[in-house]
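These notes concern the structure reproduced below.
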Amino acid sequence: MTRKTALFTGTYIGGTTVLAVILGLFLVLTIKPGVGEHISQENIKEMPPFSIHYKTEIVKVKNDEVGPALHPTVVLNDTDMKLVGSYVDGPNMLGLILWSFTFGILINRAGQVATSTVKAIQCINDAIKIIFNWILWYLPIGVLFLIVENVLNVQDWVAVVKLAKLSAVIILGLLIQSLVILPMVYFTLVRQNPFVILKSTSKAWMTGFIIASSTASLPIILQCCEEKLTVNGKLCRLMLPILTSINMNGTAVYEVIASVFIAQINDITLDAGQIIAVGLTSAIVTFGSAGIPATGAVTTILILTAVGLPARDAAMLVVVEWVLDHIRTGVNVVGDCYGVVLINFLCHDELKDLDKPLRLI
Ligand code: ASP
C-alpha cells in the first residue's frame, strides 16, 4: 500500500467516525429520548461490580488538618495538595486502553527480540477467540431468556416508551449517516451520483443486515466492489478486511446515543468535557471492536465505565439490541463500500503501478 493510500484510508476512517459521533451527539442531545418521567427502580436488580481498580485523586487539604508534625518543613499557604487513593467499582478502561497502546508501540520498537512475546500474545488471543466462539453459540439462548424476563416484567411503561424513543433516534441517526452524510462525503470528493454505490452494493449491505456481522459479509462486499463497481482487485483485498474490522460508522452512532441516553435516564447532566469523553471513547472503541454480532452491547458497558456513568442500566438496552445490531451492521457495511470506492478513485494513479508486473533485475 502506498503512503498516499494509507493516509487516505486513515483519514476516511477517522473522518467518517467523527461525523458519526457528532451526528449521534447532536440527535441525542436535541431529541433527549431519556429525559422525562423516571423509570421505576423497583425491578432493577443490584448487580455486583464487574471488577474494581485503585484510583488516586489529588485533593486540597487545609494545612492545619495535615498538622505541622506530619510536615514540619511546610508551609506558608493555608492549603496543601494531598494524594488520596481508594478502590472504586469497575475496571480502569481508559488506563487499560492507553497501556495496551503504549505496550504495542514498545513491542514494535523492540523488533526481532520481541518476536516470542508477540507469538505468546497471539496464542492468548487465539485462545480467547475460541472462548468467545463458545459463548457466541449459547448467547442467543441467553439473550432469549433475558428478553423474555424483561417482557414478562413490564409493569413500567415509562421504560418501554423511552426505549421506543431511543430506538427511533438511533434508527434516524443510522439512516442519516448512510443516506445523507456518507453520500455527501462521496459526492463532495468524487462528483458522481453516490446512490449508484448504494444500489450496486445492495447485496453486501443486505447480507450485513441479515447476519449482523460485517466481517462475515466480507466475501459478498468483495464481490460487489470488484465485479459491480470495478474497484481495483488488489486494493479491495487489502483494504476491505481493514475497513470491515475498523470502520464502523453505524456502531459509532449507536454507542454515543446509547451512552448519553443512560446518562439522561439517570438525570445526569453531562458537561462539555464528559460529552467529548463519550464521543472520543465511542470512536476509539469502534476502532477496536470486532465485526461480529452484538459487540455493541458489550462495548456500551465499556464506554459507560470509562466515562464514569452507571453501567448497570446498560442491561435494559438488551431488549432493543437485536434489531439495532442488524440495522447498524448494514450501515457499517455501507461505510466500508463507500470507503473502498472513494479510495480507489482518489488513488487511481498509484493503483495503476500496483497492477504493473514486478521487474526483476
Ligand atoms: N455487529 C456489528 C458488525 O458486525 C458490530 C456491532 O455490534 O456494532 O459490524
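Quick note: residue numbers are just sequence positions, from 1. Quick caveat: nothing in here was measured; it's all calculated off a predicted structure. Side-chain atoms are counted along with the backbone in the values below, which use heavy atoms only and exclude waters and symmetry mates. Remember, it's 1-based here, ligands and their atoms both numbered in the order they're listed.
Residue contact check: Thr251 has heavy atoms under 4.0 Å from atoms 5 (C), 6 (C), 8 (O) of ligand 1. Listed by number with element, the atoms of ligand 1 under 4.0 angstrom from any heavy atom of Gly296 are 6 (C), 7 (O), 8 (O). Against a heavy-atom cut-off of under 4.0 Å, Pro293 is close to the following atoms of ligand 1: 1 (N). Near Ser213, meaning under 4.0 Å from one of its heavy atoms, ligand 1 places the atoms 4 (O). Near Asp325, the atoms of ligand 1 lying under 4.0 angstrom from a non-hydrogen atom of the residue are 1 (N), 2 (C), 6 (C), 7 (O). Counting atoms of ligand 1 from 1 in the listed order, those under 4.0 Å from a heavy atom of Gly291 are 3 (C), 4 (O).
Counting heavy atoms closer than 4.0 Å to ligand 1, residue Thr299 contributes nothing at all. Heavy atoms of Ala294 found under 4.0 angstrom from ligand 1 belong exclusively to the backbone.
The shortest N or O to N or O distance between Arg328 and ligand 1 is below 3.5 Å. Residue Ala290 has no nitrogen or oxygen atom sitting less than 3.5 Å from a nitrogen or oxygen atom of ligand 1, judged on distance alone. Residue Met248 has no nitrogen or oxygen atom sitting less than 3.5 Å from a nitrogen or oxygen atom of ligand 1, judged on distance alone.
Here the options are Leu182, Leu243, Val190, Thr16, the test is side chain to side chain contact (heavy atoms under 4.5 Å, CB included), and the partner is Tyr338; only Leu182 passes.
Side-chain contact check for Phe195 versus Pro183: some heavy-atom pair is nearer than 4.5 Å. The closest side-chain heavy-atom distance from Ser217 to Thr244 is not below 4.5 Å.
Ranking protein heavy atoms by distance to atom 5 (C) of ligand 1, first place goes to Thr295 OG1, 3.1 Å. In terms of protein heavy-atom proximity, atom 3 (C) of ligand 1 is nearest to Ser214 OG, 3.2 Å. Ranking the protein heavy atoms by distance from atom 2 (C) of ligand 1 puts Thr329 OG1, 3.3 Å first.
Applying the side-chain hydrogen bond (donor to acceptor under 3.5 Å, both in side chains) criterion to Thr300, with sequence neighbours excluded, gives Glu255.
Between Arg328 and Glu321 there is a salt bridge, since a side-chain N of the basic residue sits under 4.0 Å from a carboxylate O of the acidic one.
For the residue pair Asn247/Asn332, the side-chain donor-acceptor check at 3.5 Å is not satisfied.
The neighbour count for Lys4 NZ, taken as heavy atoms of other residues, nucleotides or ligands under 6.0 Å away, is above 12.
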Can you give the donor-acceptor pairs under 3.5 Å from side chains of residues 103-113 to other protein atoms, not counting sequence neighbours?
none

